[in-house]
Amino acid sequence: MFRLPKRGLVDHGAPLSFSFDGRRLTGLAGDTLASALLANGVHLTGRSFKYHRPRGILGAWADEPNALVTVIRGGGRSTPNLPATQVELFENLVAFSQNREPSLERDRWSINDRLGRFLPAGFYYKTFMWPKSFWSRVYEPRIRAVAGLGVAPEQADPDRYEHRYAHCEVLVVGAGPAGLSAALTAAESGCRVVVCDDRPLPGGSLLSAASATIDGLGAREWADTAVARLSSMTNVTLLPRTTAFGYYPHNLLGLCERLGDHLPGEPAGPRERLWSVRAARVILATGALERPLVFPDNDRPGIMLADAARQYLQLHGVAVGRRVVIVTAHDAGYRSAHELHAAGIQVVLADTRPAAIARSTPFRVIPDARIEGTRGTLRVSAITISHTGRSERIDCDAVLMCGGFTPSIHLASQSRGTMAWDAEVQAYVPAGSAEAECSIGAAAGRLELADALADGCRAGRDAAAAAGFAARRIGTPRASVDHSVGQGGIIGALPHGRDPAKVKAFVDWQNDVTARDIMLATREGFRSIEHVKRYTTTGMATDQGKLSNLNSLAITAAQTGRPVEAVGFTTFRPPYTPVTFGALAGAARRDLFDPVRQTPIHDWAVAQGAVFEDVGLWKRARYFPRASEDMQAAVNRECLAVRGSAGLFDASTLGKIEIVGADAATFLNRLYVNAWDRLAIGRCRYGVLLREDGFILDDGVIGRLAADRFHATTTTGGAARVLATMEDYLQTEWPDLDVWLTSVTEQWSVIAVQGPHAREILTPLVQGLDISADAFPHMSIGEGTICGAALRLMRVSFTGELGFEVNVPSSHGHAVWEAIWRIGQPLGMTAYGTEAMHVLRAEKGYIIVGQETDGTVTADDAGLAWAIGKTKRDFVGKRSLARPAMKAPDRKQLVGLRTLDPAKLLEEGAQIVGPDGGPSLGHVTSSYYSANLGRSIALALVRGGRALEGHRLRVAMPGGGIEVDVTNPVLFDPKGKRLDG
Amino acid sequence: MLLIPCPYCGNRPEIEFSYGGQAHIARPPVPEELDDDAWGAFLYARDNVRGPHRERWRHLHGCARFFNLVRDTRTDRIIASYRVGTPCPRVEPL
Amino acid sequence: MQHFSILSLLRHGLRDHKGWRPQWRAAAPKPGYDAVIVGGGGHGLGAAFYLARDYGLRNVAVLEKGWIGGGNTGRNTTIIRSNYLFDKSSSLYDHAVKLWDGLSQELNYNVMYSRRGVLMLAHNVHDVQVFKRHVHANRLNGVDNEWLTAEQAKAFCPPLNISPDVRYPILGAALQRRGGTARHDAVAWGYARAADALGVDIIENCEVTGIDRDISGKVTGVQTSRGPIACGKIGVSAAGNSSVVMNMAGLRLPLESFPLQALVSEPVKPVVPCVVMSNTIHAYVSQSDKGELVIGAGTDIYTSYTQRGGLHIAQHTLEAICEIFPQFRRLRMLRNWGGIVDVTPDRSPIIARTPVPGLYVNCGWGTGGFKATPGAAQLFAHTIATDAPHALNAPFTIERFRDGYLIDEAAAAAVAH
Amino acid sequence: MTSGPLSLETLQPMTRHILRCRERRVAEASDLLGLDLPRSAYGTASHADRHALWLGPDEWLILAPEPFAATADVWAAIGASFVEVSDRQVALQLSGAGADTCLAGGCPLDLALPAFPIGACARTVFHKAEIIVWRTGSSRFQVEIGRSFAPYVTRLLSQQVQRGRSLAVPT
Ligand SMILES: Cc1cc2nc3c(=O)[nH]c(=O)nc-3n(C[C@H](O)[C@H](O)[C@H](O)COP(=O)(O)OP(=O)(O)OC[C@H]3O[C@@H](n4cnc5c(N)ncnc54)[C@H](O)[C@@H]3O)c2cc1C
Ligand SMILES: NC(=O)c1ccc[n+]([C@@H]2O[C@H](COP(=O)([O-])OP(=O)(O)OC[C@H]3O[C@@H](n4cnc5c(N)ncnc54)[C@H](O)[C@@H]3O)[C@@H](O)[C@H]2O)c1
Ligand SMILES: Cc1cc2nc3c(=O)[nH]c(=O)nc-3n(C[C@H](O)[C@H](O)[C@H](O)COP(=O)(O)O)c2cc1C
Ligand SMILES: [Zn+2]
């Protein structure tokens with residue numbers, strides 16, 4: 001209908017069928033959804049956010065505020081809020097309009113428009129306060145119900161996203177004439193160049209520059225040649241459909257490349273790719289955005305940007321109307337008028353400037369024009385213009401506006417470069433750099449083609465040179481244009497003869513912010529542009545004020561009697577255009593969200609039906625249910641087996657650090673609370689490590705392998721932290737010490753064999769080490785072999801039973817485990833998991849860092865004062881223990897709790913109060929059913945707890961209290977007789 | 001993601017590093033000689049300057065060394081990078 | 001003060017809203033005040049309001065270096081809750097939550113306190129233990145907080161992905177029903193308007209550059225970008241810039257200022273009914289009344305005053321969001337910004353007198369002080385006016401870092417062994 | 001130089017040690033190892049099948065097909081620490097056209113040949129895992145990974161490899 005034959009970059013021989021709101025329509029390959037709709041005469045594409053006013057397509061690309069659609073591709077692939085101007089058409093594209101009920105044409109929320117005078121900016125701050133309870137019950141639910149634009153998808157997105165790091169000497173953002181010439185010049189020097197452009201085809205404004213020539217070639221042809229040259233160079237990465245969305249510190253730019261959305265069907269590869277590009281120099285050639293005009297009723301469908309209309313013509317061969325009125329405050333409006341006219345469209349041009357430059361134009365020009373309003377409900381049908389003292393209504397099917405051009409300084413400003421007000425361009429332009437970057441061409445306010453090309457060559461050369469690459473001299477391409485961009489422009493609201501308090505002249509289309517909203521804000525004392533933004537929400541919509549910011553700025557300036565440059569502008573933030581969450585999240589999902597760390601014995605545990613728990617990044621077997629056992633049953637069985645016979649436990653996740661060097665013992669002395677000098681070779685000791693503030697950081701057993709060699713263990717979660725702490729002290733406090741640390745966590749697989757039969761089971765396997773009771777007493781460490789593998793054996797016990805920890809190189813872990821398993825089975829040995837381990841150690845009153853401690857617990861609180869080397873003058877954290885709070889008598893101390901009813905299980909975390917209630921005295925840190933004791937057991941931290949041993953307290957629970965007696969934390973085998981089997 | 005000049009490895013991306021807070025706060029050689037005020041200040045008080053900040057970093061996923069940077073906390077611009085044990089280069093007031 | 005109500009809105013509407021007057025005066029500094037508050041965030045403006053209303057101190061100025069509410073008050077994810085672990089903290093925060101409840105009416109400004117519930121997700125056994133400990137401790141103190149199973153959590157927040165087939169499955173959640181959100185800007189503006197009506201001068205674009213003291217050390221005034229201002233008392237509520245201001249009086253505080261980022265999605269129809277937080281995988285999300293998902297990210301690792309941070313931080317945050325809500329993967333990030341948060345070693349605030357007579361400080365709220373705004377402001381006003389802390393803020397001194405009486409909420413959520 | 005199709009393989013087990021010593025002992029340590037320990041970032045040195053990869057100014061990863069003869073005492077004598085970590089990590093070999101691009105999916109280093117020539121190595125990260133990358137050919141890398149992180153890295157890399165292969169234009 002509105003498609004002009006043989007025009008544009010669309011393929012007139014390749015029709016594509018698509019649907020919009022269920023209507024089947026036809027477009028062409030090379031169309032955007034917007035151009036295809038326009039070709040079908042469709043302007044009405046959306047409803048505004050607040051007033052639900054009918055809205056049409058306003059722009060032609062990233063600045064579109066109105067025409068937001070949801071594209072549905074099936075199978076969870078539903079994407080809301082896409083500007084139709086950026087959706088590339090493909091066969092069978094399905095799109096729906098948004099924010100209307102039931103249809104675009106008849107939207108019941110358009111009632112808001114009629115109530116509009118009572119819903120000015122910020123009205124919600126002034127009302128909905130009475131009666132008080134109505135806010136949460138009535139008002140807010142209703143407000144929320146009408147909020148939002150598109151609908152979030154309900155199914156998980158099946159598409160893939162990926163990430164890539166890239167490095168280059170020169171990154172060029174924007175592939176218009178400025179960007180292409182910069183990239184070409186820089187690339188010829190041999191340096192690495194990345195060029196990205198957010199449009200489907202590189203070329204920028206050249207693609208629609210119908211009448212311009214460069215070096216004798218048509219503009220498009222020149223662009224094609226430039227692109228072909230760039231594509232052929234191995235040092236160039238040319239990325240179309242790639243938006244540079246964020247400028248981050250130290251010249252890191254975030255780019256989002258769209259790989260799948262323009263293609264029909266399921267994407268074969270990732271849908272989008274996120275690039276983190278670190279560039280030595282950045283050239284911003286992002287062009288300029290045309291500014292709309294603020295006049296009464298400037299939001300009807302069919303009212304759009306003049307250059308957008310020109311682009312639809314030149315890129316897509318689409319006439320946005322048959323009879324158009326172009327309202328312009330800038331010479332560029334004439335260019336659009338000429339090109340539209342030449343395509344056979346009837347054009348009237350209304351120039352808002354007083355003395356329109358005398359030109360010989362083949363169309364009517366109305367100088368000194370004032371726009372009084374427009375008509376038309378679902379499509380503009382007429383515009384009223386007053387000029388030379390009379391008012392004239394002109395019927396039309398489209399109104400185009402051009403207020404001048406706003407350089408796209410988004411990225412430059414994000415980089416924290418400074419901006420200066422350019423009175424001629426009537427916009428802010430880059431003035432100073434904070435990073436190694438520069439802006440060129442229209443982005444720098446230099447709007448003429450020749451300037452863009454010259455800027456590009458210079459910037460490309462400079463950037464390459466700065467990166468140490470000598471550029472080959474390339475002559476600046478010579479440009480000629482039929483219509484230069486010219487001058488002019490206006491910002492702010494256009495004057496008109498109507499009561500400004502009554503008209504709706506839109507500044508921010510999507511958020512329904514009008515000039516009078518901004519006036520209201522300034523009237524109410526919101527003078528800062530940041531306040532105006534927040535009070536009116538101007539510039540906060542999905543286009544982030546690409547069209548509105550300068551106009552709202554100018555209105556604010558006018559209202560507050562300040563020059564525009566004194567008002568400043570709101571902060572530019574990433575992203576330049578919205579970026580898909582998935583692209584930012586990348587491949588990280590499910591088991592790639594974080595690494596899943598598994599021990600060498602993991603597969604065995606899986607085969608045995610183990611249930612796992614997450615501990616840090618590790619998967620640890622929690623218990624090994626048999627048949628229909630639940631956790632409690634399995635844990636009971638495992639606990640009984642350990643004490644009755646033997647248990648096998650995978651402790652491979654324990655952190656391990658090999659500490660080597662002549663000063664190793666000195667180092668440990670300074671670090672741990674314990675004394676290490678006299679630890680004999682072949683012996684182990686339980687060590688406690690404090691933070692410098694005196695609280696427990698970690699614990700673990702440390703064995704001495706040689707005078708200068710220790711094998712230290714840490715908790716699973718503490719491994720990295722402890723190693724980092726050790727390195728910190730070594731490197732920065734005591735660099736004189738001769739000590740070296742090596743993480744061996746993953747070198748050694750650790751198999752704990754615990755229980756009365758432990759020695760019997762291990763003896764046949766261990767070689768080169770006498771593990772008899774006398775030769776290898778509790779807290780021994782020794783080396784030998786087992787099943788042909790190197791063995792580091794520790795005789796330690798976290799269960800209170802006779803126990804060994806078999807350390808073997810990880811590649812042997814599974815085999816050695818199986819070997820022990822085979823021998824142990826006939827003796828009743830069982831595999832036990834972390835849950836049984838917790839129960840067994842709790843029976844013994846052994847703490848778990850992170851469970852009994854929480855970063856507020858000292859060694860003394862935890863009952864570990866015995867570990868502190870009494871004669872040591874200093875160790876990390878010691879001085880802090882002398883602070884008043886550490887000596888307070890009411891510190892919480894570790895105790896055992898015994899419920900009066902042995903079957904009653906306390907809840908971990910439950911609060912402990914006095915026998916008659918009152919404030920909290922502490923909490924239950926661990927609580928289990930102990931099969932070995934035949935009753936429940938618990939550990940707790942209780943204020944002054946040790947002195948309360950034998951007293952009765954209560955554990956406060958919702959249904960009343962549970963009475964408990966305070967006991968010693970060691971509940972099982974208090975004399976430790978079982979350690980020796 | 002900052003680009004951090006490790007004195008051993010050259011420029012490397014921030015994600016390889018861990019941050020260690022203000023630099024040049026040496027652990028007192030004999031802590032017990034400090035009163036609670038001085039000890040408390042050692043533990044917790046920080047300059048937290050807005051401007052050139054001398055700070056500790058560790059090239060955790062690189063050479064694993066601790067080192068110091070002077071970084072302007074108003075801009076994140078890095079002014080100097082130097083090894084532990086070497087004096088802080090003179091930083092001109094900005 | 002012009003009264004705000006549906007009627008006044010209608011009345012003014014009929015007159016095309018031409019009759020509205022500034023919500024607060026653009027005051028110019030007077031030579032002197034009884035008390036000066038440094039920092040026009042919610043805490044500072046609120047303190048001025050309570051000083052004027054409850055303590056009769058009306059010759060007060062709030063000095064703001066930029067525009068009021070432009071600090072963290074204007075850039076936070078607005079999560080409000082009081083289910084902190086330690087008695088001292090939960091009573092402090094709960095005091096604030098109680099004040100939130102009537103704040104719109106008290107200020108005659110709709111701050112849109114939305115009691116939609118805060119759901120804190122537990123992803124491993126350790127989380128479950130920690131959250132249950134919170135639930136028990138809170139219940140004992142009369143602070144609502146309840147434990148939900150994963151299924152109950154999903155019933156409360158239907159879009160949650162509770163499938164066990166993810167890296168960190170949801171094992172349950174703690175829910176505080178009184179928790180929720182509020183409209184951040186309105187908090188600043190509402191306090192400003194109410195304080196202004198009581199005579200407080202709100203002075204924007206006025207940066208404090210020095211603190212004057214007499215020979216006894218007592219404060220006598222401030223130097224500002226708009227000239228010197230004399231005053232008998234100074235209350236500093238400068239959030240991320242607290243160290244900078246306190247340095248002017250020669251004080252070094254236990255603070256470090258980190259960039260903290262947040263982001264919003266494009267607006268969508270209501271889909272997340274409550275606030276969802278996951279400390280374990282670092283995701284915080286709620287949906288604003290306009291429809292954007294408001295998402296909190298983590299801090300960058302280094303201190304900075306730049307009010308921005310790295311791309312990788314936003315990436316990690318969205319990884320976590322998409323893990324909990326895989327259906328949001330196709331939504332798009334609209335804007336990503338940063339604030340500067342002043343963090344204490346124990347992650348609890350300081351509201352206290354300082355060693356400098358006449359100088360008071362309210363700082364260290366780090367990543368979580370918006371929720372405390374009314375309570376902190378009121379307690380700060382109390383402390384300034386009476387030169388002594390209220391019982392509720394008495395533990396939140398500077399001296400606790402000397403004596404070791406930390407209120408370590410961070411440690412309380414200790415990472416698993 | 002031609003590079004074959006993209007491939008990812010797990011390398012055979014080998015002997016690995018972490019050598020740590022002070023600068024002034026490097027010469028003695030080099031003698032013991034029979035190669036000249038690299039002394040600066042990205043450096044590697046090889047002698048026969050034995051390789052030393054610079055990890056830090058006082059830390060090297062020593063790779064060899066067979067176990068070493070020198071005992072702990074020998075190292076102690078020169079004040080060095082020599083700790084076996086053969087099983088601590090595993091190695092992948094990534095080779096073929098586009099190998100660097102595969103790594104660039106998660107590794108933030110500049111892996112272009114001029115910046116990271118053949119023989120260069122660095123400890124760095126790949127997504128959320130620490131790795132050591134060592135360029136053994138113009139499009140061949142050895143990637144050392146902590147044992148329990150290997151499945152994670154392998155899966156991410158093989159995704160890239162698969163995708164890289166499907167893109168490869170037949171020549
Ligand atoms: C991204 C982000 C998310 C957050 N999310 C939450 C959340 O969900 N829930 C929550 O409870 N908290 C949250 N917080 C924390 C919360 O925002 C702050 O704790 C709280 O807003 C602090 O309020 P304030 O009034 O003290 O500070 P601010 O609002 O920052 O006010 C301080 C003011 O002091 C001014 N100032 C500084 N120096 C000077 C000077 N020299 N002279 C004059 N004026 C000065 C500043 O310009 C600023 O306006 C978040 C913070 C951030 C940054
Ligand atoms: N709106 C207009 O059409 C307009 C206005 C003024 C000048 N001009 C003409 O434009 C030319 C100026 O050339 P130029 O090269 O400076 O600009 P350009 O408009 O030709 O090219 C800029 C390109 O950068 C892209 N871009 C912008 N931001 C981006 C981002 N963040 N990420 C990726 N791509 C991004 C744009 O889509 C565009 O393709 C002159 O010929 C001049 O006459 C055009
Ligand atoms: C709760 C909340 C909701 C927000 N919603 C939006 C929004 O819908 N659109 C928008 O552009 N910005 C939104 N913002 C971000 C602000 O535009 C702004 O980025 C933030 O207040 C920080 O200020 P600055 O970016 O000017 O430094 C929101 C901020 C907050 C705190
Ligand atoms: Zn380094």
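Just the heavy atoms: all of them, side chains too, but no hydrogens, waters or symmetry mates, feed the values below. Throughout, protein chains are lettered first and strands after them, A, B, ... in sequence-line order, and every chain is numbered starting at 1.
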Q.
Between A:E727 and D:R20, does any NZ, NE, NH1 or NH2 come within less than 4.0 Å of an OD or OE carboxylate oxygen?
A.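 So D:R20 pairs with A:E727 through a salt bridge.
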Q) If you measure from the Lys or Arg side-chain nitrogens to the Asp or Glu carboxylate oxygens, is any gap between A:D591 and D:R155 under 4.0 Å? A)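 Counted as a salt bridge, because a side-chain N and a carboxylate O are separated by less than 4.0 Å.
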Work out which heavy atom in [X] is nearest to a heavy atom in [Y]; give both atom names and the distance.
X: A:G269; Y: D:R163; value: CA-NH1, 3.5 Å
X: D:L156; Y: A:A587; value: CD2-CB, 3.8 Å
X: A:D594; Y: D:Y152; value: C-CE1, 4.0 Å
X: A:L592; Y: D:Q159; value: CD1-NE2, 3.6 Å
X: A:Q598; Y: D:S148; value: O-CB, 3.8 Å
X: D:T101; Y: A:R164; value: CG2-CZ, 3.2 Å

Q: Determine which residues belonging to residues 734-742 of chain A lie within contact range of chain D, meaning some heavy atom pair is under 4.5 Å apart, and list them by number or answer 'none'.
A: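 Heavy-atom contacts from residues 734-742 of chain A to chain D are A:P735, A:D736, A:L737, A:D738, A:W740, A:L741, A:T742.
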Q: Using the test salt bridge (Lys or Arg N to Asp or Glu O under 4.0 Å), find all partners of A:R597 that sit at least two apart in sequence or belong to another chain.
A: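 Partners of A:R597 by the salt bridge (Lys or Arg N to Asp or Glu O under 4.0 Å) criterion, ordered by chain and then number, come out as A:E746.
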So which of [options] has the largest heavy-atom pair count under 4.5 angstrom toward chain A?
options: D:D58, D:V85, D:I18; value: D:V85
options: D:G106, D:A112, D:A115, D:A129; value: D:G106
options: D:P114, D:A72, D:C107; value: D:C107

**Q.** Within 6.0 angstrom of A:R590 CZ, more than 12 heavy atoms from elsewhere
**A.**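 Incorrect, the count does not exceed 12.
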Which answer fits [X], side chain, backbone, both or neither, if we ask what part of it has an atom under 4.5 Å from a heavy atom of chain A?
X: D:L109; result: backbone
X: D:P151; result: neither
X: D:R22; result: both
X: D:Q89; result: neither

**Q.** salt bridge (charged side-chain N to carboxylate O under 4.0 Å, His left out) between A:R192 and D:D110, worked out
**A.** CA-CA 12 Å; A:R192 286 177 298 172; D:D110 186 350; 2.8 Å; yes
Q: Sequence neighbours left out, what passes side chain to side chain donor-acceptor pair (under 3.5 Å) with D:S46? Give chain and number order.
A: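 By the side chain to side chain donor-acceptor pair (under 3.5 Å) rule, D:S46 matches D:H51.
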Q: List the steps, then state whether side-chain contact (heavy atoms from CB on, under 4.5 Å) holds for A:Q747 with D:R16.
A: CA-CA 10 Å; A:Q747 166 68 13; D:R16 298 181 176 84; over 6 Å; no
Q | Side-chain heavy-atom pair D:P108, A:R278 within 4.5 angstrom cut-off | A |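 Not in contact.
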Interchain contact, [X] with chain D, by part (heavy-atom threshold 4.5 Å):
X: A:W618; result: side chain
X: A:S743; result: both
X: A:R160; result: side chain
X: A:L274; result: neither

Q | Contacts of residues 75-82 of chain D with chain A (heavy atom under 4.5 Å) | A |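 Under the 4.5 Å heavy-atom cut-off, D:A76, D:G79, D:A80, D:S81, D:F82 qualify.
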Q) Run the side-chain contact (heavy atoms from CB on, under 4.5 Å) check on D:K128 and A:L617 step by step: do they pass? A) CA-CA 11 Å; D:K128 293 173 184 168; A:L617 297 177; over 6 Å; no
Q | Nearest-0.5 Å distance, NE2 of residue A:H167 to CG of residue D:L111 | A |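 Reported value, rounded in 0.5 Å steps: 6.5 Å.
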